[in-house]
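The structure under discussion appears below in the form of structure tokens.
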Amino acid sequence: MIKNKNVIKVMVLGVLFIIFTVVQGCDKKKDNHKKANDQIAKLSLEEEVIEPHIHKEEIEPHTHSHSPQSDPGKRILKPEDVKGLWVFPESKDKLGSGGLLQIYMDAESHPQASSGFAKYELGVGGALPEHKHNKTEEIAYFLSGKGIVISYENNKKIETVVEEGYVWYTAPGEWHSFKNTGDVPLKLVFATIPNAKHGLLNFFKKVSAEPGKQATALSAEAFAKLATENDMILKPAKIE
């Protein structure tokens, strides 16, 4: 009988121990579950704080890029949008060998652009005086016709034949010129860098005229002064 009572006591204690363990485990699970919920809530709050900052950074550059002040000028230009200017015309009604100039981009039409851009057709027998630019780079691409480009290497004059597909680069400080040796206009497009207000394209505008209008007559001194003011320094003529 005593043995049975002892067995019962042990069984009761075992059951109580199991119940206590289960209850304690449930409490721990509740605590862990509560901690997890608190952590999720904390992360959610942090995301809500960060989100407006990221969104703001993404929007600001987009808004800035559409500012009217950053507009460099008309993006697409057609031939009919650009006036043809006669360079060194013989008269208001005769073009002569000076050539036809079309300025697509310059400091006036595209003030924010880094480069000016134009098309030039040098007339038959035409040539430009030898000159250099102290600040301006030129890149030209010949479209048609045939001519000679004049450059210098170690103070030695070099004449290079050019035609369709040739590219001609001139760095600041280099004496250069070109002339038409064919029987049709020598056509090219060229870029001037930088796109200066007082640069090569401005010089051409000053010495040219619209068809039917008289070009401004300039003395040799006035011509040289105008050229120098627009970064076109004429090469002094050699006295034989």
Side-chain angles (χ1 to χ4, degrees), residues 73-74 77-111 113 115-150 162 168 170 175-237:
K74 193 172 182 181
L77 295 103
K78 301 176 183 177
E80 56 267 27
D81 296 333
V82 183
K83 292 181 181 179
L85 299 174
W86 286 2
V87 180
F88 310 138
E90 291 186 19
S91 68
K92 67 177 185 178
D93 300 314
K94 188 174 182 181
L95 174 57
S97 61
L100 177 66
L101 176 70
Q102 290 178 292
I103 299 175
Y104 284 81
M105 293 173 56
D106 65 1
E108 184 178 357
S109 65
H110 293 73
S115 168
F117 187 79
K119 179 183 178 183
Y120 188 41
E121 300 179 15
L122 182 61
V124 176
L128 292 184
E130 291 185 38
H131 62 281
K132 69 176 180 178
H133 314 293
N134 288 333
K135 301 176 182 178
T136 307
E137 291 180 280
E138 288 183 88
I139 304 172
Y141 178 86
F142 290 92
L143 300 170
S144 61
K146 192 171 184 178
I148 290 176
V149 163
I150 298 170
V162 292
W168 177 26
T170 304
W175 296 107
H176 63 283
S177 181
F178 73 110
K179 57 185 177 181
N180 186 348
T181 59
D183 54 5
V184 294
L186 179 57
K187 300 181 182 181
L188 65 150
V189 289
F190 66 98
T192 56
I193 308 158
N195 187 25
K197 183 177 181 181
H198 296 286
L200 180 61
L201 295 182
N202 188 58
F203 166 77
F204 278 124
K205 288 167 72 172
K206 296 291 184 182
V207 298
S208 62
E210 293 181 29
K213 294 185 179 181
Q214 193 69 44
T216 303
L218 297 170
S219 65
E221 292 77 12
F223 182 88
K225 182 176 183 294
L226 179 65
T228 301
E229 289 173 347
N230 290 281
D231 196 29
M232 182 173 177
I233 295 83
L234 302 177
K235 187 176 180 63

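Worth knowing before you read on, the calculation uses all heavy atoms, side chains too, and leaves out hydrogens, waters and symmetry mates.
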So do the side chains of [X] and [Y] get within less than 4.5 Å of each other, counting heavy atoms only?
X: V162; Y: W168; result: no
X: F178; Y: L186; result: yes
X: I233; Y: N134; result: yes
X: V82; Y: K119; result: no
X: V207; Y: T216; result: no
X: L201; Y: F190; result: yes
X: H131; Y: K235; result: no

Closest heavy-atom pair and its distance - [X], [Y]:
X: K179; Y: A127; answer: CB-CB, 3.4 Å
X: D93; Y: G212; answer: OD1-CA, 4.2 Å
X: S97; Y: V124; answer: CB-O, 3.5 Å
X: P236; Y: W175; answer: CD-CH2, 4.2 Å

Would you confirm whether [X], through its side chain, and [Y], through its main-chain N or O, come within 3.5 Å as a donor-acceptor pair?
X: D231; Y: H133; result: no
X: N202; Y: K206; result: no
X: H198; Y: E229; result: no

Nearest 0.5 Å, what's the [atom1]-[atom2] distance between [X] and [Y]?
X: L85; Y: Y120; atom1: CG; atom2: OH; value: 11.0 Å
X: L200; Y: M232; atom1: CG; atom2: CE; value: 6.5 Å
X: H110; Y: L77; atom1: NE2; atom2: CG; value: 5.0 Å

Does the ring center of F88 lie less than 6.0 Å from the ring center of F204?
no

For I193, enumerate each residue passing the side chain to side chain contact (heavy atoms under 4.5 Å, CB included) test, keeping only those at least two apart in sequence or located in another chain.
S115, E137, I139

Please enumerate all residues that pass side-chain hydrogen bond (donor to acceptor under 3.5 Å, both in side chains) together with E130, with sequence neighbours excluded.
Y152, K157

Should we say atom CD of E108 is surrounded by more than 12 heavy atoms from elsewhere, each under 6.0 Å from it?
no

